[in-house]
Amino acid sequence: MSRRAIVAGVALGGVAAAGRAAAAPVHLGLDEIKKEGEVAALYHCDYGDVARFEQTLNNIANHYSAYNGDPFALQIAIVAHGGGIKFFLDSLEGTQWKDEKLPAELFERANSLSKNGLKVYLCEITFKRNKLDPSRARQADFVSFVPSGVATVAALQTKGFVYVKVG
């Protein structure tokens with residue numbers, strides 16, 4: 001489904017959809033992600049540093065603000081693997097990050113940015129290597145799985161997404 005169709009659907013039926021729970025993350029193949037904005041950027045998140053992730057979210061918000069909220073002009077994706085997946089887990093219990101405490105507002109900020117079209121792609125390999133069930137990912141319409149984070153970074157660049165890494 002294209003971004004234009006999604007935006008049109010939200011405009012026409014957003015109120016009806018507001019009461020429904022978010023769907024479980026879908027699993028996408030690399031060929032299923034398309035460049036649909038005039039400008040497309042991927043933010044590469046392979047780190048678990050909270051301050052750096054906060055700055056990434058700040059940069060994404062600033063990026064959207066430069067386009068005056070036009071959902072057709074700009075397409076942004078976060079590709080998360082390695083430590084970057086922890087920001088999109090339902091909890092850190094039972095993970096290598098179990099002793100850390102993440103600010104709850106981090107995910108809420110990402111969720112807010114998703115209203116501008118932000119998509120998050122989580123690495124299936126990272127989940128497998130860390131023995132994490134994919135159901136541990138936050139249940140949100142803007143979060144999906146991809147086979148490999150690094151392969152997605154490369155694939156999106158070949159499709160015209162510019163590469164951005166914070167820090």
Side-chain angles (χ1 to χ4, degrees), residues 1-12 14 17-18 22-23 25-90 97 100 102-124 126 137-167:
M1 179 177 287
S2 75
R3 284 172 25 105
R4 291 184 192 276
I6 290 169
V7 171
V10 168
L12 295 173
V26 298
H27 295 259
L28 300 173
L30 298 179
D31 59 335
E32 294 178 80
I33 304 170
K34 309 288 185 215
K35 181 178 182 262
E36 297 171 343
E38 293 173 33
V39 175
L42 74 91
Y43 282 74
H44 187 188
C45 180
D46 62 350
Y47 50 83
D49 180 76
V50 171
R52 193 170 171 192
F53 188 68
E54 288 173 333
Q55 186 59 51
T56 298
L57 295 176
N58 288 343
N59 287 4
I60 291 170
N62 293 342
H63 204 153
Y64 278 124
S65 72
Y67 289 84
N68 300 315
D70 181 353
F72 302 116
L74 178 62
Q75 180 180 358
I76 296 180
I78 294 175
V79 178
H81 63 98
I85 68 160
K86 77 179 187 182
F87 302 111
F88 302 99
L89 294 175
D90 59 1
W97 309 289
E100 296 181 35
L102 293 179
E105 67 270 7
L106 285 181
F107 184 79
E108 292 311 313
R109 287 180 60 202
N111 186 50
S112 179
L113 290 167
S114 77
K115 298 189 181 19
N116 290 318
L118 176 68
K119 298 291 184 199
V120 174
Y121 301 118
L122 301 177
C123 175
E124 290 177 346
T126 299
R138 296 273 191 147
Q139 305 296 300
D141 292 336
F142 68 98
V143 176
S144 301
F145 282 98
V146 291
S148 163
V150 294
T152 301
V153 166
L156 293 183
Q157 288 179 84
T158 65
K159 294 176 183 192
F161 284 71
V162 297
Y163 178 90
V164 182
K165 189 157 188 178
V166 175

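Nearest heavy-atom pair across Gly149 and Cys123 is N-SG, 3.2 Å. Minimum interatomic distance between Glu38 and Lys35 (heavy atoms only, all atoms of both residues): O-NZ, 3.2 Å. Between Leu122 and Ala137, the shortest heavy-atom contact is CD1-CB, 3.8 Å. The two atoms that bring Ser148 and Ala151 nearest to each other are OG-N, 3.2 Å, heavy atoms only. Annotation for Thr126 and His81: closest pair OG1-CB, 3.5 Å, computed over non-hydrogen atoms.
Considering NZ of Lys119 and OG of Ser114, their distance stands at 7.5 Å, rounded to 0.5 Å. From Asn68, atom CG reaches atom CG of Leu74 across 11.0 Å, with rounding to the nearest 0.5 Å. The distance from the CG atom of Asp49 to the CD atom of Glu54 is 8.5 Å, given to the nearest 0.5 Å.
The main-chain N or O of Leu118 is found under 3.5 Å from a side-chain atom of Tyr64 such that the two form a donor-acceptor pair. Side chain of Glu124 to main chain of Phe145: no donor-acceptor pair is present (N/O by atom type, distance under 3.5 Å, no hydrogens or angles).
Looking only at side-chain heavy atoms (C-beta outward), Pro147 and Leu30 come within less than 4.5 Å of each other. In this structure, the side chains of Gln139 and Pro25 come closer than 4.5 Å at one or more pairs of heavy atoms.
For Phe87, the ring pair (Phe, Tyr, Trp, His ring centres under 6.0 Å) partners at least two apart in sequence or on another chain are Phe53. Legend: residues meeting side-chain hydrogen bond (donor to acceptor under 3.5 Å, both in side chains) with Tyr43, ordered by chain and number and at least two apart, are His63. Under the salt bridge (Lys or Arg N to Asp or Glu O under 4.0 Å) criterion, Asp90 pairs with Arg136, sequence neighbours left out. Legend: residues meeting side-chain hydrogen bond (donor to acceptor under 3.5 Å, both in side chains) with Gln157, ordered by chain and number and at least two apart, are absent.
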Acceptor/donor pairs from residues 160-167 side chains to any protein atom, 3.5 angstrom cut, sequence neighbours excluded:
{"residue": "Tyr163", "atom": "OH", "partner": "His44", "partner atom": "ND1", "Å": "2.7"}
{"residue": "Lys165", "atom": "NZ", "partner": "Asp46", "partner atom": "OD1", "Å": "2.9"}
{"residue": "Lys165", "atom": "NZ", "partner": "Asp46", "partner atom": "OD2", "Å": "3.0"}

Output side-chain donor-acceptor pairs under 3.5 Å for residues 103-110, partner residues at least two apart or in another chain, one line each.
{"residue": "Arg109", "atom": "NH2", "partner": "Asn58", "partner atom": "OD1", "Å": "2.4"}

Check the pair Leu113 / Ile76 against side-chain contact (heavy atoms from CB on, under 4.5 Å), numbers first and verdict last. CA-CA 10 Å; Leu113 290 167; Ile76 296 180; over 6 Å; no

Take Trp97 and Leu102 through the test side-chain contact (heavy atoms from CB on, under 4.5 Å) and record every step on the way to the result. CA-CA 10 Å; Trp97 309 289; Leu102 293 179; over 6 Å; no

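Partner of Ile78 under the side-chain contact (heavy atoms from CB on, under 4.5 Å) criterion, chosen from Leu42, Val143, Ile60: Ile60.
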